[in-house]
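Inspection log for the structure reproduced underneath, given as structure tokens.
Side chains included, hydrogens not; waters and symmetry mates left out as well; all remaining heavy atoms used. Quantities reported herein were computed from a predicted structural model and do not represent experimental measurements.
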Amino acid sequence: MKKLFILILTAAMAVPSFAQFGKSHSRFNHDNVESYYGVRLGLSISSMSSDMADFDTDSRTGWTFGGVYGLQLANSLPVWLETGLYYTEKGGEHKVYDTTIEKVTYRMSYLEVPVVVKYGFDIIDDLYIDPFLGGYFALGIGGKTKTYARNVDNRESESTFGNYCNRFDAGLRIGCGVEYQMLYAEIGINFGITNIGKSDFDAVRNRNLFLNVGVNF
């Protein structure tokens, strides 16, 4: 996590130089641009919810990064369709009230494709507020489930997707972005609606809060 925060801080310090370049070279302007590209880097704070409350997990923090593409849907309105491709970490931690097991942690890595509609509210010159609503589709590409023994320095590791979860995930995506010239930041939530659990009796769904920063071109 320390390395992740250093990486985000470095990216944030580098963004103003892109913005200076964008003042004279960027085509990104809600008034006359039909499309844009962007890069994103941020945090994913995730958990897993179950039909049985006893199996809900506490949150874990991972990271997310990717690229986006936006297309203006109407020339007379600041309405945008945005999609992209992200690498996102999800999962959770489940504390077990057992004499032999202390906790179980689930770590999952996904390739995620969001599809959202944004509306840009012009607050002041070059400053926009962009609420968005849509969905996402994701495919699990790796993950580990670790079981920690109580009072013993021992843990067992298994493949999350091989033993516990299905790889496909999909759900709703909602949030809001803030945009100044080329600079961009956003906060949002993914609500999983797909049962990722392999059990037919207890559905398991992903939940994650994401906070991203980046630039648009």
### Query
Would a 4.5 Å heavy-atom cut-off, applied to side chains only, mark Cys165 and Lys198 as touching?
no
### Query
Got a second to check how far Asp126's CG is from Met182's CE, nearest 0.5 Å?
12.5 Å
### Query
Got Val178 and Leu127 here, is their nearest side-chain heavy-atom distance under 4.5 Å?
yes
#### Entry: Ile196 vs Arg167, side-chain contact (heavy atoms from CB on, under 4.5 Å): CA-CA, chis, key distance, verdict
CA-CA 7 Å; Ile196 63 171; Arg167 292 184 181 273; over 6 Å; no
### Query
Hey, which of Leu77, Asp130, Leu73 is the one that makes side chain to side chain contact (heavy atoms under 4.5 Å, CB included) with Tyr119?
Leu77
### side-chain hydrogen bond (donor to acceptor under 3.5 Å, both in side chains) partners for Ser109, two or more places apart
Tyr87
### Query
Heavy-atom distance under 4.5 Å between the side chains of Asn75 and Glu34, does that happen here?
yes
### Query
Can you find a heavy atom in the side chain of Thr64 that is under 4.5 Å from one in the side chain of Leu43?
no
### Message
Using side-chain heavy atoms (C-beta onward) and a distance below 4.5 Å, is Val68 in contact with Arg40?
### Response
yes
Review item, side-chain donor-acceptor pairs of residues 205-213, under 3.5 Å, at least two apart:
| residue | atom | partner | partner atom | Å |
| --- | --- | --- | --- | --- |
| Asn206 | ND2 | Tyr110 | OH | 3.1 |
| Asn206 | ND2 | Asp169 | OD2 | 3.1 |
| Arg207 | NH1 | Gly192 | O | 2.9 |
| Asn208 | OD1 | Asn190 | ND2 | 3.2 |
| Asn208 | ND2 | Ser44 | OG | 3.2 |
| Asn212 | ND2 | Glu186 | OE2 | 3.0 |

### Message
Distance check, rounded to the nearest 0.5 Å: Lys118 atom NZ versus Tyr128 atom OH?
### Response
13.5 Å
### Task
Enter the distance from Met108:CE to Thr88:OG1 here, rounded to the nearest 0.5 Å.
11.5 Å
### Query
Is there a path of hydrophobic side-chain contacts, each under 4.5 Å between heavy atoms of I, L, V, M, F, W or Y residues, that connects Ile193 with Phe137?
no
#### Entry: Carboxylate-amine/guanidinium proximity below 4.0 Å for Glu89 and Arg107
yes
### Which atom of Val104 lies closest to which atom of Ile101, heavy atoms considered
CG2-CG2, 4.3 Å
### Task
Report yes if some heavy atom in the side chain of Glu82 is under 4.5 Å from a heavy atom in the side chain of Tyr36; otherwise report no.
yes
### Task
Kindly work out whether a path of hydrophobic side-chain contacts (I/L/V/M/F/W/Y, heavy atoms less than 4.5 Å apart) joins Val79 to Ile123.
yes
### Task
Evaluate the criterion side-chain hydrogen bond (donor to acceptor under 3.5 Å, both in side chains) for residue pair Ser59 and Ser47; output intermediate values, then yes/no.
CA-CA 4 Å; Ser59 62; Ser47 63; over 6 Å; no
### Message
If you compare all heavy atoms of Leu85 against all heavy atoms of Leu111, which two are closest, and at what distance to 0.1 Å?
### Response
CD1-CB, 4.4 Å
### Carboxylate-amine/guanidinium proximity below 4.0 Å for Arg60 and Glu93
no
### Query
Is it true that a side-chain atom of Asn195 and a backbone atom of Val204 form a donor plus acceptor pair closer than 3.5 Å?
yes
### Query
When the ring centroid of Phe132 is compared with that of Trp80, is the distance short of 6.0 Å?
no
### Task
Using the test side-chain hydrogen bond (donor to acceptor under 3.5 Å, both in side chains), find all partners of Thr160 that sit at least two apart in sequence or belong to another chain.
Thr145
### Query
Within the distance-only criterion (no hydrogens, no angle test), does the side chain of Gln72 pair as donor or acceptor with the backbone N or O of Ala74 below 3.5 angstrom?
yes
### Task
Answer with yes or no whether the hydrophobic clustering places Phe191 together with Leu133; edges join I, L, V, M, F, W, Y residues whose side-chain heavy atoms lie under 4.5 Å apart.
yes
### Message
Assess the residue pair Glu112 and Arg173 against the criterion (salt bridge (charged side-chain N to carboxylate O under 4.0 Å, His left out)); give the C-alpha distance rounded to whole Å, side-chain angles, the decisive distance to 0.1 Å, and a yes or no.
### Response
CA-CA 12 Å; Glu112 184 174 281; Arg173 186 178 181 94; 3.2 Å; yes
#### Entry: Shared hydrophobic cluster, Val113 / Tyr136 (ILVMFWY, side-chain heavy atoms < 4.5 Å)
no
### Task
Could you tell me which non-hydrogen atom of Pro114 sits nearest to which non-hydrogen atom of Tyr86, and how far apart they are?
CG-CE1, 3.7 Å
### Message
Are Leu81 and Ile129 linked, directly or through intermediate hydrophobic residues, by side-chain heavy-atom contacts shorter than 4.5 Å (ILVMFWY only)?
### Response
yes
#### Entry: Nearest heavy atoms of Ser46 and Gly91, plus distance in Å
OG-N, 3.0 Å
### Message
Using side-chain heavy atoms (C-beta onward) and a distance below 4.5 Å, is Val39 in contact with Val215?
### Response
yes
#### Entry: Aromatic centroids of Phe217 and Tyr37 separated by under 6.0 Å
no
